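To start, the structure itself, in structure tokens.
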Amino acid sequence: MSNTTQPVELDGKDLPAYCPNPAMPLWSSHPRVFLDFKHGEAKCPYCGTQYQLKPGADAGHH
């Protein structure tokens with residue numbers, strides 16, 4: 001389970017996004033899952049890490 005209290009903010013260039021993200025330590029690894037953003041937010045089904053798009057981020061065709 002993630003101990004992150006603030007959502008991880010992503011920009012349009014970070015898409016497609018997945019968890020675990022590159023900044024996570026190896027010991028907290030789980031199978032890679034691509035995130036499905038709904039209304040600019042997504043939650044990892046494995047660790048519960050919250051992700052959100054930065055204000056004004058362009059999701060483009062993702």
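This is a predicted model, so every value here is computed, not measured.
- Residues T49 and V8 have side chains in contact (heavy-atom distance under 4.5 Å, counting atoms from C-beta outward).
- To the nearest 0.5 angstrom, H30 atom NE2 is 3.5 Å from C47 atom SG.
- Two residues are said to be in side-chain contact when any heavy atoms from C-beta on lie closer than 4.5 Å; Y46 and P31 meet this criterion.
- The closest side-chain heavy-atom distance from Q50 to C44 is not below 4.5 Å.
- Using a 4.5 Å cut-off on side-chain heavy atoms (C-beta onward), E41 and P7 make no contact.
- To the nearest 0.5 Å, the span separating CG on L15 from CG on L10 amounts to 6.5 Å.
- In terms of heavy atoms, Y18 sits closest to Y51 at O-OH, 4.1 Å.
- Considering CD of E9 and CG of D14, their distance stands at 10.5 Å, rounded to 0.5 Å.
- Note that CG of N21 and CG of L35 are 9.0 Å apart. Values are rounded to the nearest 0.5 Å.
- For the atom pair NZ of K38 and NZ of K43, the computed distance is 15.5 Å after rounding to the nearest 0.5 Å.
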